[in-house]
Protein chains: 2
Amino acid sequence: MAPSRPNEFARKGAGAGQPSYDLIELLFFAYRDFIGDADEVLADLGFGRAHHRVLHFVNRHPGMRVADLLDVLKITKQSLGRVLRELVEDGYVIQKAGPADRRQRLLYLTAKGDTLARDLALLQTKRFTRALNESGPAAREAARKFLLAMIDPATREEVERLIARADRGELPGVK
Amino acid sequence: MAPSRPNEFARKGAGAGQPSYDLIELLFFAYRDFIGDADEVLADLGFGRAHHRVLHFVNRHPGMRVADLLDVLKITKQSLGRVLRELVEDGYVIQKAGPADRRQRLLYLTAKGDTLARDLALLQTKRFTRALNESGPAAREAARKFLLAMIDPATREEVERLIARADRGELPGVK
DNA sequence: CGTTTATGTCAGCCATATTGACATATCTGG
DNA sequence: CCAGATATGTCAATATGGCTGACATAAACG
């Protein structure tokens, strides 16, 4: 008998082969530590991850609308409401009426909000930098490619566009 | 005045440099989709991520104690209590008194639990496989190395040991 | 025996999410 | 100009998954 793998087929649509427990667990712990960096800082301010996500996206897309935020975060406006209110009350975010459409509340970070968003991003960047410095110079592009490939193919392009738009200082853009 | 950056010192230890927003956002979306695969299956059963984590670790370390689980998951026994009870009630997990120390409730998956845990792992493995097939054959080891490097250096060894022990069918082991 | 350990449980609290209904202001098209 | 659509906000009720503190039980251990 050839040393072929035993029948490992079609169990509920999950393909054949052995589970990659190593990768599964490594991603679990890596993400936990990655997000933990920011959690610590936020906890001191009485904020949680929800606040972080808002800070992050408003930082990346200054002037975005509430509706844009709901779209990106995929939560309800009721949930966003409380978080946004707290951020505004504490002076991290300001809302301005849209110049063309005054129903819109365009979102911006204050200097204080900008500093916090930046600090959090730098903290997370530091982890990436440390991790990637342990490998060769090609590691960054490899990691980028790997992470992108992990995203659902259907939404991958959308995510790439979102990142590119933010890099150009643009709004999230057409849904 | 030199064009040096404005006071960017020792702000909670976040060093200088530009934030790697691309990596930050890619990891965010990658993890969301990765965990989303399992979330869908679990939701149909009335379970959440907490149940998944328990299933996963009991699957990986059959016969582990409740205390081991608390240690790995870093939650309180009160939180674990509810989740574990539901898994037992629904016939995914069984508890046996320890042979040597009868105070212990050693945890095992039933056949039903084993199937579910395996299905979930294969679903997530499929995503890794797809992602890594888009790169060369060296990609898997590169990804493994990258993810490991993202983990806190202090706990990295511990995580590696945990994975190795599970691969050998052993208990989580010495704390 | 008394103490420690492993586990479970009760009670209450918090954060973050949900759905549904409704309110307000503003824009837009006929 | 008005009717309806749109952008946003808010109230209320509910769910989930965490938390702390206090206490109970059973078994091991010295």
Side-chain angles (χ1 to χ4, degrees), chain A residues 32 35-36 38-40 42-56 58 63-90 93-108 171-172 174-175, chain B residues 32 35-36 38-40 42-56 58 63-90 93-108 171-172 174-175:
Chain A
R32 171 200 269 188
I35 202 75
D39 281 347
E40 278 181 46
L42 292 159
D44 291 340
L45 301 169
F47 291 153
R49 290 185 190 176
H51 302 86
H52 186 189
R53 291 194 282 270
V54 171
L55 271 175
H56 175 87
V58 174
M64 74 189 301
R65 299 171 307 152
V66 170
D68 295 326
L69 205 42
L70 291 176
D71 214 52
V72 174
L73 300 181
K74 289 188 181 125
I75 57 173
T76 58
K77 63 180 171 180
Q78 293 89 334
S79 293
L80 178 58
R82 177 186 41 84
V83 170
L84 201 47
R85 181 170 34 76
E86 289 169 351
L87 287 170
V88 170
E89 280 172 0
D90 290 7
V93 170
I94 48 170
Q95 295 173 301
K96 293 185 198 174
D101 186 336
R102 289 192 2 227
R103 288 172 307 180
Q104 299 174 348
R105 303 299 174 83
L106 306 188
L107 303 171
Y108 298 88
L171 299 179
V174 267
K175 69 210 89 310
Chain B
R32 171 200 269 189
I35 203 75
D39 281 347
E40 279 181 47
L42 292 159
D44 291 341
L45 300 169
F47 291 154
R49 290 184 190 177
H51 303 85
H52 186 188
R53 291 193 281 270
V54 171
L55 271 176
H56 176 87
V58 175
M64 75 189 300
R65 298 172 308 151
V66 170
D68 296 327
L69 205 42
L70 291 176
D71 213 53
V72 174
L73 299 181
K74 287 185 182 130
I75 58 173
T76 59
K77 63 180 171 179
Q78 295 89 334
S79 294
L80 178 59
R82 179 183 38 81
V83 170
L84 201 48
R85 181 170 34 76
E86 288 169 352
L87 287 170
V88 170
E89 280 172 2
D90 291 8
V93 171
I94 48 171
Q95 295 173 300
K96 294 186 196 172
D101 186 336
R102 292 197 354 234
R103 289 172 306 179
Q104 298 174 348
R105 303 301 174 82
L106 306 188
L107 304 171
Y108 297 88
L171 299 179
V174 267
K175 64 212 96 269

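Note: hydrogens, waters and symmetry copies are ignored here, and every other heavy atom, side chains too, is used. Per chain, numbering begins at 1; letters A, B, ... match sequence-line order. No experiment lies behind these values; they were computed from the predicted model shown.
- Qualifying salt bridge (charged side-chain N to carboxylate O under 4.0 Å, His left out) partners for A/R49, counting only residues two or more places apart in sequence or in other chains: A/D39.
- Residues passing the side chain to side chain contact (heavy atoms under 4.5 Å, CB included) test with B/L73 are B/R53, B/V54, B/F57, B/L69, B/I75, B/L80, sequence neighbours excluded.
- Put simply, CG on A/L55 and CG on A/L107 are 11.0 Å apart, with the number rounded to the nearest 0.5 Å.
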Protein-nucleotides 1-3 of chain C N/O pairs closer than 3.5 Å?
none

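- For D/dC19, the OP1/OP2 oxygens have a side-chain nitrogen or oxygen of B/S79 closer than 4.0 Å.
- To the nearest 0.5 angstrom, A/Q95 atom CD is 10.0 Å from A/L87 atom CG.
- Distance, A/R32 CZ to D/dG18 P: 11 Å, rounded to whole Å.
- In this structure, A/L73 atom CG and C/dA15 atom P are separated by 19 Å, rounded to whole Å.
- Rounded to an integer number of Å, the gap from CG of B/L87 to C1' of C/dG8 is 16 Å.
- Remark: B/R82 pairs with B/R85, B/E86 by the side chain to side chain contact (heavy atoms under 4.5 Å, CB included) rule, at least two apart or across chains.
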### Task
Please report the C-alpha distance between A/R32 and B/K74 in whole Å, then the side-chain angles of each, then the deciding distance to 0.1 Å, and finally whether the side chain to side chain contact (heavy atoms under 4.5 Å, CB included) criterion is met.
CA-CA 11 Å; A/R32 171 200 269 188; B/K74 287 185 182 130; 3.5 Å; yes

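- Partners of A/A38 by side chain to side chain contact (heavy atoms under 4.5 Å, CB included), not counting sequence neighbours, listed by chain and number: A/L42, A/H52, A/L120, A/Q124.
- Between A/K96 atom NZ and D/dT8 atom C1' there is a gap of 19 Å when expressed in whole angstrom units.
- In this model, the phosphate group of D/dC19 is approached by a side-chain N or O of B/T76 to a distance below 4.0 Å at OP1 or OP2.
- If you measure from atom CG of B/L70 to atom P of C/dT7, you get 8 Å, rounded to the nearest angstrom.
- The main-chain N or O of A/R65 is found under 3.5 Å from a side-chain atom of A/D68 such that the two form a donor-acceptor pair.
- Distance, B/Q104 CD to C/dT5 P: 13 Å, rounded to whole Å.
- Listed by first then second residue, pairs satisfying salt bridge (Lys or Arg N to Asp or Glu O under 4.0 Å) with a partner in residues 98-108 of chain A read A/D101-A/R103, not counting sequence neighbours.
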### Query
How would nucleotides 25-30 of chain D be written as a contact map, 5' to 3', with B for base contact, S for sugar-phosphate-only contact and - for no contact, using protein heavy atoms under 4.0 Å?
-BBS--

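- Contact annotation for B/E86: no contact, since no heavy-atom pair falls under 4.0 Å across all strands.
- In this structure, the side chains of A/D90 and A/F47 come closer than 4.5 Å at one or more pairs of heavy atoms.
- Close to D/dG9, at under 4.0 Å from its OP1 or OP2, lies a side-chain N or O of A/Q95.
- Heavy-atom contacts from other residues, nucleotides or ligands closer than 6.0 Å to CD of A/E89 number more than 12.
- Phosphate contact (OP1/OP2 of C/dA6, side-chain N/O of B/R105, threshold under 4.0 Å): absent.
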Protein-nucleotides 10-16 of chain D N/O pairs under 3.5 Å:
none

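- With rounding to whole Å, B/R49 atom CZ is found 13 Å from C/dT16 atom C1'.
- Computed from coordinates, the A/L84 CG to D/dT8 C1' distance equals 11 Å when rounded to whole Å.
- When the side chain to side chain contact (heavy atoms under 4.5 Å, CB included) test is applied to A/K77, the partners found at least two apart in sequence or on another chain are A/L70.
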